[in-house]
K.L.:
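The structure's right below; bear with me while I get my questions together.
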Amino acid sequence: VQMGFQLPRTPGALKPILEDLANSGAKILSIITVYPKGQPDRRAFIRIDEMEKSELNKIRDILATRYNLLFFLRDNLHSLI
């Protein structure tokens, strides 16, 4: 599951998001932050492990109401042999 956020460039802006994810039982797999040139904000991209659909819906709703959530996508990747 992948998600993206628009955040201010202030220290600690990502922390409440990570706390909400941890409190919801999500297992964080990776975090990438990007500082676009000439932009007053930054982007954060987070990937979490798969969870039940109902749990993902709860997490998405919480994140969308509290933060500037740009996208929330389930991975549709298949195993490569």
K.L.:
As a quick check of understanding, evaluate side-chain contact (heavy atoms from CB on, under 4.5 Å) for I17 and L7, giving each step before the final call.
P.N.:
CA-CA 10 Å; I17 296 171; L7 301 171; 3.6 Å; yes
K.L.:
To the nearest 0.5 Å, what is the distance between OG1 on T65 and CZ on R60?
P.N.:
11.0 Å
K.L.:
Has the side chain of Y67 got a donor or acceptor atom that lies under 3.5 Å from a matching backbone atom of P16?
P.N.:
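Confirmed, Y67 side chain pairs with P16 backbone.
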K.L.:
Looking at every heavy atom in both A13 and P8, which two are closest together, and how far apart are they?
P.N.:
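That closest heavy-atom pairing would be CB-O, 3.8 Å.
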K.L.:
Look at atom CD of E19 and say whether more than 12 heavy atoms of other residues, nucleotides or ligands are closer to it than 6.0 Å.
P.N.:
yes
K.L.:
Could you tell me whether the side chain of R42 and the main chain of V34 form a donor-acceptor pair under 3.5 Å?
P.N.:
no
K.L.:
Which heavy atom of Q39 sits nearest a heavy atom of R9, and at what distance?
P.N.:
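Between these two residues, the closest heavy atoms are O-NH2, 3.1 Å.
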K.L.:
Could you tell me whether the side chain of F45 reaches within less than 4.5 Å of the side chain of Q2, counting heavy atoms only?
P.N.:
no
K.L.:
Does the pair K27 and M51 meet the rule for a side-chain contact (heavy atoms from CB on, under 4.5 Å), with working shown?
P.N.:
CA-CA 9 Å; K27 180 181 175 187; M51 299 174 72; over 6 Å; no
K.L.:
Return yes if some donor-acceptor pair links the side-chain N/O of R47 with the main-chain N/O of I32 below 3.5 Å, else return no.
P.N.:
no
K.L.:
Of I59, N57, I46, which meets side-chain contact (heavy atoms from CB on, under 4.5 Å) against F72?
P.N.:
I59
K.L.:
Hey, what do you get for CG (D41) to OG1 (T10), rounding to the nearest 0.5 Å?
P.N.:
11.0 Å
K.L.:
Answer yes or no: is there a side-chain heavy-atom contact under 4.5 Å between L69 and M3?
P.N.:
yes
K.L.:
In this structure, would L56 and I28 fall into the same cluster of hydrophobic residues linked by side-chain contacts under 4.5 Å?
P.N.:
yes
K.L.:
Quick check: is I31 connected to V1 through a chain of hydrophobic side chains (ILVMFWY, heavy atoms under 4.5 Å apart)?
P.N.:
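Shared cluster, yes.
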